[in-house]
Amino acid sequence: MTAIKIQKLNFSYSDGHTALENIHLEINEREKVGIIGPNGAGKSTLFLHFNGILPPAKIKEPSIHVGGIPLTTNNLLKIRKMVGLLFQDPDDQIFCPTVWEDVAFGPSQQELTKTEINSCVNNALQEVGLAGFEKRAPHHLSGGEKRRVCLAGVLACQADILVLDEPTSNLDPRGRRELITLLGKLKKT
Ligand code: ADP
Ligand code: MG
């Protein structure tokens with residue numbers, strides 16, 4: 001089964017700058033793929049299309065399918081539940097006064113009990129090595145710690161597809177190794 005299928009995707013920003021031109025991409029279920037390119041190549045722009053944050057030019061003739069579902073306005077909510085996206089800049093993702101609330105935001109939008117939300121948040125914080133940070137203010141954390149808060153928030157949503165934009169930037173060597181191990185473990189489970 002194809003997890004993400006993109007055909008003939010074009011995208012220009014409102015200032016007229018063309019960031020994506022004729023993109024074709026197929027990623028299968030259970031695949032772990034790295035997308036590599038220089039600054040400005042369009043990686044972040046592409047990732048923002050995976051769950052419809054940036055709409056493709058022709059949403060009526062969908063150029064993107066996620067899990068076989070065409071990315072159209074009607075399917076946006078369904079697709080956003082399937083794709084967890086870690087933004088390149090943590091400051092674009094963090095908005096709650098405490099780490100706990102920030103990580104709990106995604107799960108609390110789903111139909112989960114309080115106990116289930118608690119367990120999602122606690123597991124995610126544990127996985128990124130931030131147990132004990134629950135009451136801290138995310139905006140006072142270091143760059144690497146903020147990155148981990150965002151990653152925990154994405155993991156806590158338990159999406160089928162994880163899209164991570166430069167996930168190791170700002171992490172120290174140990175944080176990088178831990179993240180790579182964690183991603184390997186997630187792929188297995
Ligand atoms: P990457 O993530 O590969 O470094 P981006 O997707 O961020 O690249 O950017 C791709 C191109 O689109 C770059 O030339 C960048 O300057 C441009 N770009 C990114 N965001 C915007 C925006 N909001 N408005 C106009 N141009 C943008
Ligand atoms: Mg980028």
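As the structure lists them, so they are numbered: ligands from 1, and atoms in each ligand from 1.
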Counting heavy atoms under 4.0 Å, the part of H17 that contacts ligand 1 is side chain
Non-hydrogen atoms of G42 versus ligand 1: any pair closer than 4.0 Å?
yes
Applying a heavy-atom cut-off of 4.0 Å, say which part of P38 lies close to ligand 1: side chain, backbone, both or neither.
backbone
Counting only nitrogen or oxygen atoms and a 3.5 angstrom limit, does N39 reach ligand 1?
no
Backbone of F95 reached by a side-chain donor or acceptor of D102 within 3.5 Å
yes
Spell out, as yes or no, whether a donor-acceptor pair under 3.5 Å connects the side chain of Q93 to the backbone of F87.
yes
How about L130 and V103: do any of their side-chain heavy atoms sit closer than 4.5 Å?
no
Do R147 side-chain atoms and Q88 backbone N/O form a donor-acceptor pair below 3.5 Å?
yes
Return the residue, atom name and 0.1 Å-rounded distance of the protein heavy atom closest to atom 22 (C) of ligand 1.
Y13 CD2, 3.4 Å
Determine yes or no for a side-chain-to-main-chain donor-acceptor pair under 3.5 angstrom, with D160 supplying the side chain and M82 the backbone.
no
Aromatic ring pairing F50/F47, orientation class (parallel under 30°, perpendicular over 60°, tilted between)
tilted
Rounding to 10°, state the angle centred on the Mg ion (ligand 2) that links OG in S44 with OE1 in Q88.
80°
Has T168 got a side-chain atom pairing as donor or acceptor with L171's backbone, closer than 3.5 angstrom?
no
Note the single closest protein heavy atom to atom 7 (O) of ligand 1, along with its residue, its atom name and the distance in Å.
S44 CB, 3.8 Å
Quick check: does any side chain N or O of E134 sit under 3.5 Å from a backbone N or O of G132, one acting as donor and the other as acceptor?
yes
Pick one of side chain, backbone, both or neither for how T45 approaches ligand 1, counting any non-hydrogen atom pair under 4.0 Å.
both
Is atom 18 (N) of ligand 1 less than 4.0 angstrom from some protein heavy atom?
yes
Below the 3.5 angstrom mark, is there an N/O of A19, backbone or side chain, next to an N/O of ligand 1?
no
What protein heavy atom lies closest to atom 10 (C) of ligand 1? Include the residue and the distance to one decimal.
G40 O, 3.4 Å
